[in-house]
Amino acid sequence: MPASAGSPHGASQSRDTLSWGACAGYPSPHECSTFQVPLDYARPSVGNTTLALIRLPAKTSPRKGYMFYNPGGPGGSGVDYIGVLGASLQIQLGEGWDIIGWDPRGVGGSGPDAPLFTNYAEYDAFWEQIEGTGKPEARGNLTQASDVAFFRSQASVFDEFIKQFDAKYRAKSGDNLKYMGTCAVVRDLVGMVDAIYGRGADVNFYGYSYGTLIAAYLTQMFPHRVGKVIADGVLDAFTWTRTPITTGNPIDFTDTEKALQAWSTACASSTNCALATLGNHTADGVTRVIDGILNTSYDVYDGSKLSLYDFIANGTAPTYSFSWSFYLLTSFVDNLLHVATNWQYLDLFLSGAYAMQNNATTALGTRSKAKDLLTTTNLKLSHGSLPRQWADLSSVWSQAGFAIACGDSQRPPSNYTTATLFEEVIQVAQGISPHFGTLLNVRWLCPGWTTRAVERLGDIRGIPYNLNIKPKNVVLVIGNSADPVTPFASAQALASKKRLGSKARLVKFNAIGHATTSNPSACIDNVIRSYIEGNPPEDKGDDGPDVVCEVDSTPFDNPSA
């Protein structure tokens with residue numbers, strides 16, 4: 001019988017009650033296990049589900065500590081994350097630390113089962129309903145009056161689409177959808193700590209992106225259990241919890257333009273960036289080239305529906321044609337801004353697209369080279385894109401992500417319509433992010449979502465409106481200066497006097513990309529190692545950063561003469 005969240009433990013017991021064995025797909029010393037949890041902690045009689053876990057054990061005995069990880073999403077697989085990156089994470093913390101990941105509810109190997117689609121072809125076909133000429137996707141960046149008028153005319157079409165989406169999900173997954181909220185994930189995390197490291201043990205947790213929401217919820221639900229907790233690339237918990245989820249849409253795009261401009265600046269000053277020559281080695285010039293590529297794709301788009309799955313798996317799509325829409329290219333640019341190791345692929349893609357549009361020779365002139373580009377970058381769907389063109393079969397955007405995000409959300413006001421949502425999108429595209437503001441994301445679908453999680457943080461009595469319960473230990477909060485997904489302002493808000501205050505330390509990472517995994521930094525590694533060893537940064541007593549870190553290098557750094 002597997003250990004469960006309800007398994008009895010003595011007050012000081014630290015014996016691991018899980019049975020660990022070999023992992024499917026990940027070699028020793030990785031070890032895997034399962035853990036049983038109640039679907040509804042308030043009503044255990046509803047039944048249980050089983051979670052999948054993975055651990056990379058400490059190399060020293062006795063261990064120095066343990067750290068649970070969530071890679072984000074929502075819907076990211078912690079098992080896959082640790083299976084691939086566990087060794088590097090252990091290097092960052094030290095050989096004496098257990099590195100642990102798990103698949104949250106509905107994700108990967110964890111129940112409850114809640115997939116909407118059974119195969120990629122079905123998955124792909126569903127999204128094609130809103131793609132192509134005359135469909136909601138074909139809207140450009142909403143800078144032209146005609147595009148704005150067309151976009152507004154599509155509100156009713158999209159309204160029917162999200163109603164269909166919700167109905168299909170409910171018909172397929174039923175009650176399972178309401179058991180996948182973030183509050184339940186936090187309770188599962190605490191239960192796993194109890195089962196593995198002893199009832200009442202501190203909860204050590206490192207969350208990226210959506211994982212920072214788990215960290216924030218933990219500080220409010222279990223402040224007395226907070227051990228070493230790191231929030232890296234912060235998603236704003238206040239708007240997620242206290243307002244309808246679409247309120248956070250403008251916040252998400254706060255720094256996307258800053259990220260693109262910073263990338264253009266880095267490219268322009270480098271001899272390692274081909275786009276720099278096209279842009280006369282100025283940041284504005286590089287940006288104008290990018291705009292030209294995107295605008296040309298919009299002008300010549302033939303309305304085709306291009307499936308990346310068909311391209312990679314079946315080789316049925318051309319390396320470049322008029323079927324590359326503005327939305328498709330913008331989504332690609334957005335994705336490749338997330339991690340510095342992809343900068344040169346972004347340069348290769350954009351300079352190649354420019355050459356194709358101008359009938360010149362290009363490095364992307366063959367299918368094999370284009371396929372290598374796409375597969376090498378191992379594209380994962382960004383927070384600014386639907387699970388469509390740039391998703392692969394193991395995308396971090398699993399189908400569970402919609403149920404988690406929308407299930408957590410407050411219900412919109414009764415007078416909130418899809419037309420209201422579209423007006424908000426227009427404002428974001430015109431006033432905050434003209435390059436990326438029109439990218440569809442999970443928030444767009446939530447107003448029409450009818451299933452809510454059985455427990456939501458905003459409904460728990462005793463948790464203050466401002467989410468400002470102070471945990472027993474200091475939380476390390478990290479934000480990048482130019483993060484296209486989670487702006488630095490969200491990290492600053494979490495660590496502010498209004499929220500965690502003296503129980504948080506704020507680190508500003510002067511970096512382009514999403515979270516600290518975007519760029520190498522000895523400074524960041526040192527801050528994290530010092531923190532987990534019991535030495536958090538000194539509190540400067542204001543809402544500014546307590547530490548500022550720089551990147552060690554970027555792919556566009558010019559070699560020394």
Side-chain angles (χ1 to χ4, degrees), residues 3 14-35 51-73 76-104 107-110 185-186 188-198 201-212 214-215 218 225-233 394 396 473 475-476 478 515-518 520-522 524-534:
S14 59
R15 181 177 63 86
D16 185 350
T17 63
L18 271 62
S19 297
W20 297 87
C23 296
Y26 300 110
S28 177
H30 293 92
E31 52 188 17
C32 287
S33 187
T34 59
F35 182 65
L51 308 180
L53 296 88
I54 188 171
R55 178 168 66 183
L56 186 61
K59 295 180 179 179
T60 61
S61 182
R63 77 172 71 87
K64 291 185 66 174
Y66 51 88
M67 185 67 75
F68 285 80
Y69 286 83
N70 179 277
S77 168
V79 170
D80 289 344
Y81 187 71
I82 300 305
V84 174
L85 296 175
S88 62
L89 297 173
Q90 193 172 61
I91 290 172
Q92 185 180 54
L93 298 192
E95 292 186 344
W97 287 72
D98 286 348
I99 305 298
I100 309 170
W102 82 104
D103 288 347
V107 177
S110 293
V185 171
V186 171
D188 294 344
L189 172 60
V190 173
M192 289 185 289
V193 171
D194 284 343
I196 303 171
Y197 298 106
D202 283 351
V203 177
N204 298 331
F205 173 72
Y206 196 132
Y208 303 93
S209 196
Y210 163 78
T212 67
I214 298 173
L218 176 68
R225 296 293 301 275
V226 169
K228 302 294 190 296
V229 172
I230 303 174
D232 187 346
S394 61
V396 296
N473 284 313
V475 175
L476 190 65
I478 312 173
T516 61
T517 52
S518 61
S521 173
I524 288 292
D525 289 342
N526 290 337
V527 169
I528 290 173
R529 178 72 72 91
S530 181
Y531 168 75
I532 65 167
E533 291 178 351

Might you point out which heavy atoms bring [X] and [Y] nearest each other, and give the distance in Å?
{"X": "Pro104", "Y": "Ser110", "value": "O-CB, 3.5 Å"}
{"X": "Tyr531", "Y": "Val475", "value": "OH-CA, 3.8 Å"}
{"X": "Leu18", "Y": "Phe35", "value": "CD1-CD1, 4.0 Å"}
{"X": "Cys23", "Y": "Ile54", "value": "SG-CG1, 3.9 Å"}
{"X": "Val107", "Y": "Gly76", "value": "CG1-O, 3.7 Å"}
{"X": "Pro71", "Y": "Ser77", "value": "CG-O, 3.7 Å"}

With a 4.5 Å limit on heavy-atom distance, are the side chains of [X] and [Y] in contact?
{"X": "Val193", "Y": "Phe205", "value": "no"}
{"X": "Pro57", "Y": "Glu31", "value": "yes"}
{"X": "Phe68", "Y": "Ile214", "value": "no"}
{"X": "Asp194", "Y": "Val190", "value": "yes"}

Could you tell me the separation between the [atom1] atom of [X] and the [atom2] atom of [Y], rounded to the nearest 0.5 Å?
{"X": "Ile230", "Y": "Thr212", "atom1": "CD1", "atom2": "OG1", "value": "12.5 Å"}
{"X": "Ile532", "Y": "Leu476", "atom1": "CD1", "atom2": "CG", "value": "10.5 Å"}
{"X": "Gln92", "Y": "Arg529", "atom1": "CD", "atom2": "CZ", "value": "8.5 Å"}
{"X": "Leu93", "Y": "Met67", "atom1": "CG", "atom2": "CE", "value": "5.5 Å"}
{"X": "Leu189", "Y": "Met192", "atom1": "CG", "atom2": "CE", "value": "5.0 Å"}
{"X": "Leu218", "Y": "Arg225", "atom1": "CG", "atom2": "CZ", "value": "9.0 Å"}

Exercise. Do the ring planes of His30 and Tyr26 sit parallel (below 30°), tilted (30 to 60°) or perpendicular (above 60°)?
Worked result: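 Rings of His30 and Tyr26: tilted, 30 to 60°.
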For this session: Before giving the answer on side chain to side chain contact (heavy atoms under 4.5 Å, CB included), spell out for Tyr66 and Ile196 the whole-Å C-alpha distance, their side-chain angles and the decisive distance to 0.1 Å.
Result: CA-CA 10 Å; Tyr66 51 88; Ile196 303 171; over 6 Å; no
Exercise. Going through the checks in order, is the side chain to side chain contact (heavy atoms under 4.5 Å, CB included) test met by Val203 and Val229?
Worked result: CA-CA 8 Å; Val203 177; Val229 172; 5.6 Å; no
Look only at the side chain of [X] and the backbone of [Y], and say whether a donor-acceptor pair between them is shorter than 3.5 Å.
{"X": "Asp103", "Y": "Gly109", "answer": "yes"}
{"X": "Ser33", "Y": "Leu53", "answer": "no"}
{"X": "Asn70", "Y": "Gly207", "answer": "no"}
{"X": "Ser530", "Y": "Val527", "answer": "no"}
{"X": "Arg55", "Y": "Gly101", "answer": "no"}

Exercise. Looking at Leu85, Ile99, Asp98, which hits side-chain contact (heavy atoms from CB on, under 4.5 Å) with Leu56?
Worked result: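 It is Ile99; the other options fail the test.
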Problem set entry | Verdict with supporting geometry, Asn204 and Trp97, side chain to side chain contact (heavy atoms under 4.5 Å, CB included) | CA-CA 11 Å; Asn204 298 331; Trp97 287 72; 4.2 Å; yes
For this session: Please step through side chain to side chain contact (heavy atoms under 4.5 Å, CB included) for the pair Ile82 and Ile100, ending with a clear verdict.
Result: CA-CA 7 Å; Ile82 300 305; Ile100 309 170; over 6 Å; no
For this session: Output all residues satisfying ring pair (Phe, Tyr, Trp, His ring centres under 6.0 Å) with Tyr206, sequence neighbours left out; order by chain, then residue number.
Result: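 Expected list: Tyr69, Tyr208.
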